[in-house]
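Reviewing the structure listed below.
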Amino acid sequence: MKRNKFYEILNGGQLKLSTLMLAGVATMSIVSCNDNNLLDGSDSKDADAFVTFNVTDAQTKAIAQSGNVVTRGLINPNLVSTDLSSQKLAINGAGAASLCLIETTVEGVNPVQADAATRAKVVKTITETFSASGHRGATEASITATPQWFYKETTNSNGELVRRIPWSWDQRYGRFYAIFPEVTSDYTKIQLSPKSYAGNPYIEFEVEEDVKNQKDLMTACTGNVQYAIRGTAPTTNLDFRHALTAVKFAVGQNLSWNKTIDKVEIRNALSKGKYTLSDKLDGTGAAWDATSLTDRKTFTLDGISVSTSQNPNTVIMGRDEDNFTFYMIPQTLTGNNVVAYFHFTDGSEITTTLSGSWVAGTTKTYKLSDKSSTWEYTLETESPVAVAYNKSTSDYYKVRSYRTAADGVTQYPVKWKAVGYEEFNDATNSWDNLGTTKPSWLTALSVENGSGGTAAEQGVATLKVDVMVDRLTAYNKALQDAPVKGSASNYYNLSNANGTDVIENTANSYLVSAPGYYRIPLVYGNAIKNGADNKRAYQTQNSGQNILSNFKDHSGTDITTPYINIQNNTNPATQASIVWADQDGIVEGLSVTNDGNRSFVNFHVPANKIKNGNAVIAVKSASGVIMWSWHLWFDHSDALSTIQCVNKQGDRYNFSKNILGFTMSNWEATSYDKPRKVRVKIEQEIANNSVKKFSYITIVQNHGSNKEFTSTLYQFGRKDAFPGAVTTYGGSIVEQGGNNMSISNGIQNPEKFYTEGSSWTNVYFKYNLWSMENTSLAYNGNNVVKTIYDPSPVGFRMPGRLAFTGFTTTGESSFNVAGFNVSGDWEKGWNFNTNATASTATIFFPAIGSRTANAGGIYGKYSRGYYWSAIPTYESSSSCLDFTNSDIKPFNVLNSVLGGSVRPVAE
């Protein structure tokens, strides 16, 4: 129309020639800027006829259009009955005589039924970019054998080419090929045939050995397409089809074994091959070149934890409840020694040799089962991932329920229903049976029963949305409202379980959980234990250049008695002061009672000032020299209850519930502190030999929490607590001590942070500062003997070097979340599982960071955690747990001069 109007004006003589020329220039300019409309021989008539694709998943479309009835040949017309046959495979391994591996096959790759509301629609499962190539010609017969039009173009999931390419009227016939995932130069395991290759394109494909990294290869071809109406792009369909075989493993019903699977492998399977694409829309002719299949390898799924007795009929899943499917090249198995391998946490293992073949576009499930049945009943469930506290619906859960006849081919759906609920009890670390009653926070399941089938039925859970509220005020109020201990005339002795003046057990740190009047005996660290002189805490028979045989006091003199004012009877401690406090006014009225072995430092904790926090107090001689200092930790009394953790070596450590000196400045949280979990029991309605198969769907709603926190921090080997915050009250802030570290300087100056230098290695370093009998570097044993320089409270000590190995699945450093032994996501720290093999209990290690060598800075707060062990690794650095959100190192090294956190263990 625009062109006709232009000629009308020209013929009517209404415009001057110069005006017409300008108009022509303007028109040319507009065209040239319009996405290369004149590219490849097209002109303005083709300006809006860009190549676009109608992208569909042939499998999903077929299931939807059939009303969710998957019959053989619906998805892949090339399938024959033997491709879907079932078989029992023998298992080799100690104690496995009663077991077999039941192999079942369904058409489709992890097929899922369509919702009733969307059944008539085509569900698009291509959600990321893919590669497309275009061939064209002036006639259908002349469509080029090579992709001369365009090659390996990046295409969005909605079917639009990133680089817009128009049709040309002169070459109006085309054929297009597509590959998902996108073929890129960065990923070498999927390679497309060269642009110069004449004929149907092919893919050179290699399977990843780590199952978690494997790709689901899909391809499509439009067949021949004609650009028939000029200016209007033709409908161009890409029906993607799966080129690989999905292989899954599951646990059967009522196995006699009570074991936990932690690794599954497929061994000696072919990993490389050449796949030629179809040149037709229906996918016929696409095939793997059997002569190209090479390179047998082992493919591994690890980092899992599946009980053979408690998770019947459950598809093996990973820690995040993601369904890890093996995507394998179709191949013949019989006679090629392809083996399925299972490893269990107790060290046992079983294998089975696979037979038959893997066929493209099918899902093969191998279920560890008993040998006894004629009918093979299949019930598989998949749980949704955990839901946030403020989300009202879950992702999909899935149920497959069917049975396979004795012929091994015929499959019938089996009805199923939800028959009960179990809620996880954090206090007992077990599941509470709720019968048929849902927990209050699970308001509904969209699908509570189904008709069954080989394609999964799916539903969502509706959940109660929680909100976060202030919890720190109530936390501190519990301290303020606690019954007052002691009085101005009768101080409460923190070294005595009942507060009397009998000195029972001493330490360098004391927990205070109520307002009151308190006293601490003037004793070196833990030099009094069970009411007696604990010489083992300050003397050893070991000797050598880097062994401290007799621990020193503030003047560098050998300690010969537990009591400070007997050790220094000619110049005793007579006064006291605050070194620092992180809460204003939390300690007042400091004084010293000087009475030899009955000497105490006394102080008052006001009810209107006490809150979660820390303080360090010191006793001094008459001339003001600090002779010893103590850390006061203000927290609830259960802060020193214990959580048992088992490391990778099987050793048990009872860690304190809170890390030493843990302090919150803000705390908002949901009404529940840990993820809440419910198991929905799914049961088939038909019994097999009077036993109905069942499985579980686990629904998890995470808790919400926003905490601002810190803790006391420690230089290696020192008893002295340093604040994890910059602001302090009632004393000096942390001071730079310079290169002048020694035992006596450290004791006399608990406020000074001595920095790295020769004094640390030449003067201060000793093997046994925190473990009395240690005589070497990097000692791996558990024989840690608490010393008077240990910063831990009464009844606790520094952990050994291997205390943290249970926090990864291997016991070694891990740089992949799959190797972390954690529950939930990063929350300014990790919730580590308390057992190295399988656990539902957790222990939270916050990322406090470290105090840096310049004394004033905190490095890595909320992004990194460092937790000391008792053992040095080198003269200048020592063993610690080191973690971030992306790596966990159970025994890394940290420069001894830096300030790390302490999580003590019970003696």
Side-chain angles (χ1 to χ4, degrees), residues 181 184 186-189 206-215 261-265 297-305 316-327 343 345 385-386 645-649 778 780 799-839 842-850 859-869 871 873-874 877-895 898 900-901 903:
T184 66
D186 295 333
Y187 189 72
T188 60
K189 296 184 184 296
E206 181 178 354
V207 182
E208 294 272 7
E209 293 172 72
D210 185 342
V211 173
K212 303 179 191 69
N213 297 329
Q214 287 181 350
K215 308 295 187 291
I261 302 169
D262 60 3
K263 180 165 68 174
V264 179
E265 292 180 342
K297 290 185 178 179
T298 294
F299 306 92
T300 302
L301 171 61
D302 58 9
I304 59 175
S305 179
I316 290 175
M317 298 178 184
R319 294 194 178 279
D320 293 328
E321 298 183 345
D322 292 325
N323 179 21
F324 289 126
T325 300
F326 290 73
Y327 288 104
H343 185 272
T345 54
V385 297
C645 295
V646 182
N647 72 353
K648 192 64 176 179
Q649 290 72 33
N780 285 339
R801 183 171 180 264
L802 301 183
F804 310 110
T805 58
F807 298 158
T808 65
T809 58
T810 63
E812 303 289 337
S813 296
S814 177
F815 303 89
N816 188 317
V817 174
F820 300 174
N821 192 18
V822 300
S823 291
D825 297 326
W826 173 265
E827 296 182 88
K828 299 179 182 178
W830 284 117
N831 285 288
F832 290 112
N833 295 322
T834 58
N835 193 297
T837 54
S839 176
T842 60
I843 181 170
F844 179 60
F845 273 69
I848 299 296
S850 66
Y859 165 75
K861 186 173 184 180
Y862 302 149
S863 65
R864 193 160 199 155
Y866 300 94
Y867 286 80
W868 289 121
S869 78
I871 308 301
T873 305
Y874 306 102
S877 57
S878 301
S879 180
C880 74
L881 166 68
D882 175 5
F883 62 82
T884 68
N885 65 345
S886 59
D887 57 73
I888 298 174
K889 306 180 187 81
F891 40 84
N892 200 22
V893 293
L894 181 66
N895 195 313
L898 301 179
S901 300
R903 187 153 213 160

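These figures come from a predicted structure and were not determined experimentally. FYI, side chains are in, hydrogens and waters are out, and symmetry mates aren't considered; it's all heavy atoms of this structure.
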Can you tell me how far CZ of Phe804 sits from CD1 of Ile888, rounded to the nearest 0.5 angstrom? 12.5 Å

For Asp262, give me all partners under salt bridge (Lys or Arg N to Asp or Glu O under 4.0 Å), at least two apart in sequence or on another chain. none

Quick check on Tyr187: does its OH atom have over 12 non-hydrogen neighbours (other residues, nucleotides or ligands) under 6.0 Å away? yes

Could you tell me which residues satisfy salt bridge (Lys or Arg N to Asp or Glu O under 4.0 Å) with Lys861, sequence neighbours excluded, listed by chain and number? none

If you look at every heavy atom in Glu208 and Gln214, which pair is closest and at what distance? O-NE2, 2.9 Å

Between Asp887 (side chain) and Ser813 (backbone), is there a donor-acceptor pair under 3.5 Å? no

Measure the OH-CD1 distance between Tyr859 and Ile848 for me, rounded to the nearest 0.5 Å. 15.0 Å

Flag, side chain of Trp830 to backbone of Thr884, donor-acceptor distance under 3.5 Å: yes

What is the minimum heavy-atom distance between Cys645 and Ile843, and which atoms define it? SG-CG2, 3.7 Å

Any chance you could lay out the ring pair (Phe, Tyr, Trp, His ring centres under 6.0 Å) test for Phe845 and Phe807, step after step, and finish with the verdict? CA-CA 10 Å; Phe845 273 69; Phe807 298 158; 5.2 Å; yes

I'd like to check the salt bridge (Lys or Arg N to Asp or Glu O under 4.0 Å) partners of Glu827; sequence neighbours left out, ordered by chain and number. none

Go through the structure and list residues passing ring pair (Phe, Tyr, Trp, His ring centres under 6.0 Å) with Tyr866, not counting sequence neighbours. none

Would a distance-only check, ignoring hydrogens and angles, find a side-chain to backbone donor-acceptor pair under 3.5 Å from Thr873 to Ser879? yes

Tell me, do Phe326 and Phe299 make a side-chain contact under 4.5 Å, heavy atoms counted? yes

Which pair of non-hydrogen atoms, one from Leu898 and one from Trp868, has the smallest distance, and what is that distance? O-CZ2, 3.3 Å

So how far is it from Lys215 NZ to Glu206 CD, rounded to the nearest 0.5 Å? 11.0 Å

Could you walk me through whether Val822 and Asn831 pass the side chain to side chain contact (heavy atoms under 4.5 Å, CB included) test, one step at a time? CA-CA 6 Å; Val822 300; Asn831 285 288; 5.9 Å; no

In terms of heavy-atom contacts, Ser814 and Phe820 come closest through O-CE2, 3.4 Å

According to ring pair (Phe, Tyr, Trp, His ring centres under 6.0 Å), who are the partners of Tyr327, at least two apart in sequence or on a separate chain? none

Separation between OG of Ser878 and CZ of Phe891, rounded to the nearest 0.5 Å: 15.0 Å

Can you measure from CD1 (Ile304) to NZ (Lys212) and round to the nearest 0.5 angstrom? 8.0 Å

Evaluate the side chain to side chain contact (heavy atoms under 4.5 Å, CB included) criterion for residues Phe883 and Leu881: first the C-alpha distance (whole Å), next the side-chain angles of each, then the deciding distance (0.1 Å), finally the verdict. CA-CA 7 Å; Phe883 62 82; Leu881 166 68; 3.9 Å; yes

Suppose we screen for side-chain contact (heavy atoms from CB on, under 4.5 Å). Which residues come up paired with Thr300, at least two apart in sequence or across chains? Lys263, Glu265, Thr298, Asp302

Nearest 0.5 angstrom please: Lys297 NZ to Glu209 CD, how far? 4.5 Å

Within 45° cone of Tyr867 ring axis and under 6.0 Å: Arg903 NZ or CZ: no

Looking only at non-hydrogen atoms, find the nearest pair between Ala847 and Ser863 and report the distance. CB-N, 3.9 Å

Identify the two heavy atoms, one from Ser869 and one from Gly800, that lie closest to each other, and give their separation to 0.1 Å. CB-O, 3.6 Å

Could you check whether any side-chain heavy atom of Phe832 comes within less than 4.5 Å of a side-chain heavy atom of Asn821, counting everything from C-beta outward? no

Using distance alone, with no hydrogens and no angle criterion, decide if Asn833 and Ser823 have a side-chain donor and acceptor under 3.5 Å apart. yes

Donor-acceptor pair, side chain of Lys648 and main chain of Thr809, under 3.5 angstrom: yes

Between Thr805 and Thr810, is there a side-chain heavy-atom distance shorter than 4.5 Å? no

